Student: 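After the structure tokens below, expect a handful of questions from me.
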Amino acid sequence: MAKKKKIKKTNEERILDENGIEYEEKNFNWVGRGMDALKDAESQGIDPDSLLKTIVLQANNDAKDYLVVCLPVQAEINLKLVAHELGKKQVHLADNKKLVKITGYVHGANTPIGISAYKGFPIYFDEQIQRFDEISVSAGKLGRSVRLKREDLVKLVKGSYIKVER
């Protein structure tokens, strides 16, 4: 009889465990499978708008002023609105080529859980996600997500809600 393969937990899942936060591991591979990941969510009874992407931004061209915005995977971020909401002169996407150096994660695996814990960057959530009790974010590995109570995550990462899109 074949042994059941045990999936190794990510550091982000360990952080959730250490903080007593309940979560469910999910595999929504948005980067690798695109829209199919949204169909997977819908087939499981999960609203695709509750699947969040994590965007790393740099403010005012300051090499030390990074911040993170989490919003639904299908949503478009309005950089001018985010800058206005945060009282910044400007914000732009962090350099994708330097993302691993900046956050410790490759594109598609960035997660507010790890970035908050290891880098201490401020974390902001699209205010529209407040309609969901549960959300999904990356578990720090491509194609792997965790589904958890929205407020547990916001509290863990000391996040705030802002307007992200008009």
Side-chain angles (χ1 to χ4, degrees), residues 12 15-16 21 23 26 28-42 46-100 102-140 142-166:
E12 292 66 27
I15 291 169
L16 294 172
I21 296 174
Y23 63 93
K26 293 284 187 181
F28 297 124
N29 191 349
W30 174 250
V31 174
R33 296 185 37 244
M35 298 302 283
D36 287 342
L38 299 178
K39 290 177 188 168
D40 286 351
E42 280 185 306
I46 296 171
D47 187 324
D49 285 338
S50 71
L51 306 179
L52 306 185
K53 59 185 172 184
T54 302
I55 306 290
V56 181
L57 302 175
Q58 186 176 14
N60 304 326
N61 282 325
D62 183 343
K64 295 181 181 177
D65 195 358
Y66 291 103
L67 56 114
V68 173
V69 175
C70 299
L71 66 158
V73 294
Q74 298 183 92
E76 293 290 326
I77 192 167
N78 182 321
L79 296 174
K80 286 184 180 184
L81 180 59
V82 171
H84 175 75
E85 287 280 305
L86 299 177
K88 305 282 186 180
K89 186 174 182 178
Q90 68 173 356
V91 297
H92 62 274
L93 298 174
D95 186 343
N96 207 23
K97 294 176 185 167
K98 296 179 182 175
L99 209 50
V100 172
I102 295 166
T103 66
Y105 299 93
V106 297
H107 176 75
N110 279 290
T111 173
I113 300 165
I115 293 173
S116 174
Y118 303 124
K119 297 295 182 175
F121 298 162
I123 311 290
Y124 300 95
F125 294 89
D126 183 346
E127 67 180 15
Q128 294 183 52
I129 70 158
Q130 293 180 82
R131 63 189 167 120
F132 299 108
D133 292 330
E134 291 187 341
I135 56 174
S136 296
V137 295
S138 173
L142 283 175
R144 189 138 147 211
S145 299
V146 287
R147 186 136 184 100
L148 68 164
K149 290 181 180 167
R150 175 184 42 83
E151 280 305 311
D152 285 348
L153 176 62
V154 173
K155 183 178 177 183
L156 175 70
V157 302
K158 299 174 182 75
S160 302
Y161 295 104
I162 63 170
K163 289 182 185 175
V164 171
E165 60 178 340
R166 288 188 200 256

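All values derive from a computational prediction rather than experimental measurement.
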Student: Nearest heavy-atom pair of L99 and H107: which atoms, and what distance?
Tutor: CD2-CA, 3.8 Å
Student: Please identify each residue that fulfils side chain to side chain donor-acceptor pair (under 3.5 Å) with S50, with sequence neighbours left out.
Tutor: R147
Student: Pick from T54, I123, I15: which one makes a side-chain contact (heavy atoms from CB on, under 4.5 Å) with I113?
Tutor: I15
Student: Kindly write out the residues that satisfy side chain to side chain contact (heavy atoms under 4.5 Å, CB included) with I21, not counting sequence neighbours, or none if the list is empty.
Tutor: L16, N19, L148, D152, L156
Student: For the atom pair CD (E76) and CD1 (I55), what is the distance rounded to the nearest 0.5 Å?
Tutor: 9.0 Å
Student: Report the residues that fulfil side chain to side chain donor-acceptor pair (under 3.5 Å) with H84, sequence neighbours left out, ordered by chain and then residue number.
Tutor: none
Student: Can you check whether N61 reaches Q90 side chain to side chain, under 4.5 Å on heavy atoms?
Tutor: yes
Student: Enumerate the side chain to side chain donor-acceptor pair (under 3.5 Å) contacts for residues 62-71, please, sequence neighbours excluded, ordered by first and then second residue.
Tutor: D65-K88
Student: Is there a side-chain contact between L52 and P72, using heavy atoms and a 4.5 Å cut-off?
Tutor: yes
Student: Just jot down the side chain to side chain donor-acceptor pair (under 3.5 Å) partners of Q58, sequence neighbours excluded, or say none.
Tutor: H92
Student: Does T103 have any side chain to side chain donor-acceptor pair (under 3.5 Å) partners at least two apart in sequence or in another chain, and if so, which?
Tutor: N110
Student: Enumerate the ring-ring contact (aromatic ring centres under 6.0 Å, His included) contacts for residues 142-166, please, sequence neighbours excluded, ordered by first and then second residue.
Tutor: none
Student: Can you check whether A139's main-chain N or O pairs, donor with acceptor, with R144's side chain at less than 3.5 Å?
Tutor: no
Student: So, the side chain of K53 versus the backbone of A75: is there a donor-acceptor pair under 3.5 Å, distance only?
Tutor: yes
Student: In Å and rounded to the nearest 0.5 Å, what is the CG to OG distance from L67 to S160?
Tutor: 11.0 Å
Student: Of all residues at least two apart in sequence or in a different chain, which pass the side chain to side chain contact (heavy atoms under 4.5 Å, CB included) check with K98?
Tutor: D95, I102
Student: In the structure I gave you, are the side-chain heavy atoms of K26 and L51 within less than 4.5 Å of one another anywhere?
Tutor: no
Student: Scan for side chain to side chain donor-acceptor pair (under 3.5 Å) pairs involving residues 120-131, sequence neighbours excluded, and state none if there are none.
Tutor: D49-R131, Q128-E165
Student: Between E12 and Y23, does any side-chain donor sit less than 3.5 Å from a side-chain acceptor?
Tutor: no
Student: Roughly how far, to the nearest 0.5 Å, is CD1 of I135 from CD of E151?
Tutor: 9.0 Å
Student: Apply the test side chain to side chain contact (heavy atoms under 4.5 Å, CB included) to residues L71 and I129: give CA-CA distance (whole Å), side-chain angles for both, the deciding distance (0.1 Å), then the verdict.
Tutor: CA-CA 7 Å; L71 66 158; I129 70 158; 6.0 Å; no
Student: Can you name the residues that form a side chain to side chain contact (heavy atoms under 4.5 Å, CB included) with V100, not counting sequence neighbours?
Tutor: V106
Student: Donor-acceptor pair, distance only, cut-off 3.5 Å: does the side chain of S138 make one with the backbone of T111?
Tutor: no
Student: Is there a side-chain contact between I77 and L57 in this structure, where contact means two heavy atoms from C-beta onward sitting under 4.5 Å apart?
Tutor: yes
Student: Pick one: which of I162, V69, V157 meets side-chain contact (heavy atoms from CB on, under 4.5 Å) with F125?
Tutor: V157
